[in-house]
Amino acid sequence: MLNIILMGPPGAGKGTQATRIIDAFHIPHISTGDIFRENISKGTELGKKAKAIIEAGGLVPDDLTIGLVKDRLSQDDCKEGYLLDGFPRTLAQAEALKAMGPEIGRPVTLVIDITVPDEVLKERIGGRRVCPKCGASYNIHSMKPVQEGICDRCGAELIQRKDDNPESFMVRLQNYYEQTAPLVAFYEKEGIYHHFDGMVGLEKVTEQVAELLKANR
Ligand code: ADP
Ligand code: ZN
């Protein structure tokens, strides 16, 4: 069963790999970042609460985030697997996910962690452009869309995220090391942790990840 968590610092290539994984393995992509951004653009209550926090690079409070993931994981399309991207990001979220796994019958089976050195992350984030409609990401230096400014997958106009500025990035990186990095030990202990070096190139990472997923399907 492919009940997957995708983790890694901002800019490690999570979003790109996520798009490839869901296209190849046909499981739903649950990106908490995408869900928050959707709520912000629709102006929902959740969006109003999350907007300033996200733009500054902070973490949305655990209670809001956990409830949202629980609702999403309980939906029917997650029965045959799911790809969680951007969750859990704190130890409390990981504990909550573990507790909700058996309850909804969908415990995590694989953790994929992609890492890249800080200097590279910073560079990548500056050039990142994303599709607000399907979540695909591009880079104006290294991963251009076929037609400038337009998403290859769905044709929507690409944008630069508000939190992809140097100040917010530094906050995100610091949160990552303080709050999210401890999850490595947590999932190593569970025996489901798999590390991938994000510096070998996007294609190579995709290949290596696909191999792991095929073996565990
Ligand atoms: P990144 O590209 O930095 O990995 P994401 O798109 O996953 O970013 O998330 C964007 C922002 O949404 C985060 O910086 C954070 O403010 C908020 N967010 C996303 N997932 C979570 C979470 N699990 N817990 C708290 N905040 C979250
Ligand atoms: Zn798109």
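One-based numbering, in listed order, for ligands and for the atoms of each.
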Peer 1: Residues in salt bridge (charged side-chain N to carboxylate O under 4.0 Å, His left out) with K42, at least two apart?
Peer 2: E38
Peer 1: Under a 4.0 Å heavy-atom cut-off, which residues neighbour ligand 1?
Peer 2: P10, K14, T32, G33, F36, R37, I54, G58, L59, V60, T65, G86, F87, R89, Q93, R128, R161, D163, R172
Peer 1: What does the angle at the Zn ion (ligand 2) come to, between atom SG of C134 and atom SG of C151, rounded to 10°?
Peer 2: 110°
Peer 1: Short question: side chain of T90, backbone of Q179 - any donor-acceptor pair under 3.5 Å?
Peer 2: no
Peer 1: Using side-chain contact (heavy atoms from CB on, under 4.5 Å) as the criterion, point out the one residue from I5, L83, L212 that pairs with I112.
Peer 2: L212
Peer 1: Excluding sequence neighbours, so at least two apart, what forms salt bridge (charged side-chain N to carboxylate O under 4.0 Å, His left out) with E203?
Peer 2: R20
Peer 1: Taking salt bridge (charged side-chain N to carboxylate O under 4.0 Å, His left out) as the definition, give me every residue that meets it alongside K98, ordered by chain and number, with sequence neighbours left out.
Peer 2: E190
Peer 1: Using the side chain to side chain contact (heavy atoms under 4.5 Å, CB included) rule, take R72 and C78 through it: C-alpha gap first, then chi angles, then the decisive distance, then the call.
Peer 2: CA-CA 8 Å; R72 184 63 189 85; C78 296; 3.6 Å; yes
